[in-house]
Engineer: 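Encoded as structure tokens, here's the structure I'll be asking about.
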Amino acid sequence: MNRIVSRAVNSLSLIIYQGRAGDRNPRGAAGAHLLGTALARRFGLPTTFVSTPHTPLQTPLWDEQLSAARADLHAFADALATQMARGERCVSAMSRCAAGLATIPVVVRYHPNACVVWFDAHGDSNLPSSHVEPYLGGMVITGAAGHWDSGLGSGLAMQNIVLVGARDLDPHEKQLIASGVLKVLAPGPNLPERLGAVVGDREVYVHLDCDVLEPGLVPIEYEVPGGLSFADLRACAAELARRRIVGIEIAEFESHWLDGRPADTNGLIDAIEPMLT
């Protein structure tokens with residue numbers, strides 16, 4: 001069920017997306033709900049709920065996953081477009097990175113010159129033909145840029161995206177970086193300053209895959225050592241907040257650790273708070 005609440009222009013609204021997005025376990029959709037409701041409580045955000053959790057498909061095939069998710073993803077795109085058409089800024093809590101196939105074409109429709117800052121341990125820039133076992137969530141940037149047809153739109157200019165924190169890259173992604181098509185900022189000293197220099201004075205849309213963080217901070221499906229601390233993320237958020245943030249999407253936050261402990265949203269929300277206030 002979708003519930004959309006009208007707000008003033010340039011206000012901040014929230015979407016909680018629990019639909020399909022290539023999920024391989026149910027913890028991502030549950031995590032989106034947990035994180036989204038925590039954001040709504042802390043910042044008093046009007047909330048749009050899109051879809052409901054589904055039992056994850058057993059197939060590993062990306063095209064079958066996309067076919068099953070397409071109706072949900074179109075509904076997500078429509079909800080975001082409704083809010084952006086009203087001039088609102090939107091924060092989306094979503095299950096998996098693959099949902100970005102729906103959001104990024106909407107963002108570039110309303111903000112064609114925005115810098116899309118993509119916090120992720122991975123490059124998300126593969127093609128269906130560039131990997132032995134293509135994964136839907138690993139092809140989001142290239143899908144949004146029209147390098148392959150997702151059926152959900154395109155329009156992203158590669159010069160308007162910057163990867164932050166990527167450290168587990170596949171051969172095709174390395175080729176894009178080596179050729180200058182894709183810009184990447186590695187974790188390390190002076191990351192906020194390096195990020196600010198690349199973004200310049202452009203308005204910003206932020207994609208945050210929680211696996212950009214150092215393993216152990218929040219529950220995630222894929223752990224890659226050498227990630228950002230909460231302090232690193234907050235420093236980057238504070239730097240980006242010096243510009244107009246047109247929207248934020250947060251993916252891959254799981255509701256529970258593998259040992260059954262429930263997730264704590266506070267550290268993550270504290271880290272991104274500068275972009276929400």
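This structure is a prediction, so every number in the text was calculated from the model and none was measured.
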Engineer: Less than 3.5 Å apart, which donor and acceptor atoms pair up between the side chains of residues 100-110 and the rest of the protein, not counting sequence neighbours?
Structural biologist:
from: Thr103; atom 1: OG1; to: Gly100; atom 2: O; distance (Å): 3.4
from: Thr103; atom 1: OG1; to: Glu249; atom 2: OE1; distance (Å): 2.6

Engineer: In the structure I gave you, are the side-chain heavy atoms of Phe43 and Thr277 within less than 4.5 Å of one another anywhere?
Structural biologist: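 They are in side-chain contact.
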
Engineer: Is any side-chain heavy atom of His54 closer than 4.5 Å to a side-chain heavy atom of Gln18?
Structural biologist: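 His54 does not reach Gln18 side chain to side chain.
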
Engineer: Does a side-chain N-to-carboxylate-O contact under 4.0 Å join Asp72 and Arg20?
Structural biologist: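 No, Asp72 and Arg20 are not salt-bridged.
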
Engineer: For Arg242, does the CZ atom have more than 12 heavy-atom neighbours from other residues, nucleotides or ligands under 6.0 Å away?
Structural biologist: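 It does not: Arg242 CZ has 12 such atoms or fewer within range.
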
Engineer: Does one side chain, of Asp209 or His122, offer a donor that lies under 3.5 Å from an acceptor on the other?
Structural biologist: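 On atom types as modelled, these side chains do not qualify, holding no pair under 3.5 Å.
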
Engineer: Testing Arg89, Arg86, Glu88 for side chain to side chain donor-acceptor pair (under 3.5 Å) with Ser13, which one passes?
Structural biologist: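 Filter result, single survivor: Glu88.
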
Engineer: Test your reading of the model: is there a side-chain donor-acceptor pair from Asp170 to the backbone of His172, 3.5 Å cut-off?
Structural biologist: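 Not at all, since once roles are kept as given, no pair shorter than 3.5 Å links the two residues.
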
Engineer: For the side chain of Arg194 and the backbone of Leu185, is there at least one donor-acceptor N/O pair under 3.5 Å apart?
Structural biologist: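 Judged by distance alone, no pair lies under 3.5 Å.
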
Engineer: Could you tell me whether the side chain of Arg27 and the main chain of Glu252 form a donor-acceptor pair under 3.5 Å?
Structural biologist: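 Judged by distance alone, no pair lies under 3.5 Å.
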
Engineer: Among Ile161, Asn160, Val204, find the one that has a side chain to side chain contact (heavy atoms under 4.5 Å, CB included) with Val116.
Structural biologist: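 Of the listed residues Ile161, Asn160, Val204, the side chain to side chain contact (heavy atoms under 4.5 Å, CB included) partner of Val116 is Ile161.
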
Engineer: Would you say the side chain of Cys115 lies within less than 4.5 Å of the side chain of Val117, judging by non-hydrogen atoms?
Structural biologist: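 Contact flag for Val117/Cys115 side chains = yes.
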
Engineer: For Pro128, which residues count as a side chain to side chain contact (heavy atoms under 4.5 Å, CB included) partner, sequence neighbours excluded?
Structural biologist: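 Expected list: Trp62, Met139, Trp148.
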
Engineer: Walk me through whether Arg243 and Glu203 qualify under salt bridge (Lys or Arg N to Asp or Glu O under 4.0 Å).
Structural biologist: CA-CA 6 Å; Arg243 299 147 184 87; Glu203 59 183 11; over 6 Å; no

Engineer: How far does CD1 of Ile15 sit from CZ of Phe76, to the nearest 0.5 angstrom?
Structural biologist: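 Nearest 0.5 Å value for the CD1-CZ distance: 5.5 Å.
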
Engineer: Please name all residues satisfying side chain to side chain contact (heavy atoms under 4.5 Å, CB included) with Ser154, sequence neighbours left out, ordered by chain then number.
Structural biologist: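 Scan of Ser154 (side chain to side chain contact (heavy atoms under 4.5 Å, CB included), adjacent residues dropped) gives none.
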
Engineer: Can you find a side-chain donor-acceptor pair between Glu214 and Ser229 that sits under 3.5 Å?
Structural biologist: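 Judged by distance alone, the side chains do not pair up.
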
Engineer: Do Glu173 and Ser125 pair up side chain to side chain, a donor and an acceptor below 3.5 Å, judged on atom types alone?
Structural biologist: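 Glu173 vs Ser125: no donor-acceptor pair found between side chains.
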
Engineer: Within the structure provided, determine whether Val164 and Val212 are in side-chain contact (heavy-atom separation under 4.5 Å).
Structural biologist: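 Of all side-chain heavy-atom pairs linking Val212 with Val164, none is under 4.5 Å.
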
Engineer: Taking C-beta and beyond as the side chain, do His207 and Cys97 meet within less than 4.5 Å on heavy atoms?
Structural biologist: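 Answer yes - side chains close enough.
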
Engineer: Hey, are Gln83 and Thr48 close enough side-chain-wise for a donor-acceptor pair under 3.5 Å?
Structural biologist: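 Yes, side-chain donor-acceptor contact under 3.5 Å.
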
Engineer: Looking at Gly138, is its backbone amide N or carbonyl O close enough to the side chain of Asp124 to form a donor-acceptor pair, meaning the two atoms are under 3.5 Å apart?
Structural biologist: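 Not confirmed, Asp124 side chain does not pair with Gly138 backbone.
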
Engineer: Are Glu221 and Arg96 close enough for a salt bridge, meaning some N to O gap below 4.0 Å?
Structural biologist: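 Yes, charged N to carboxylate O under 4.0 Å.
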
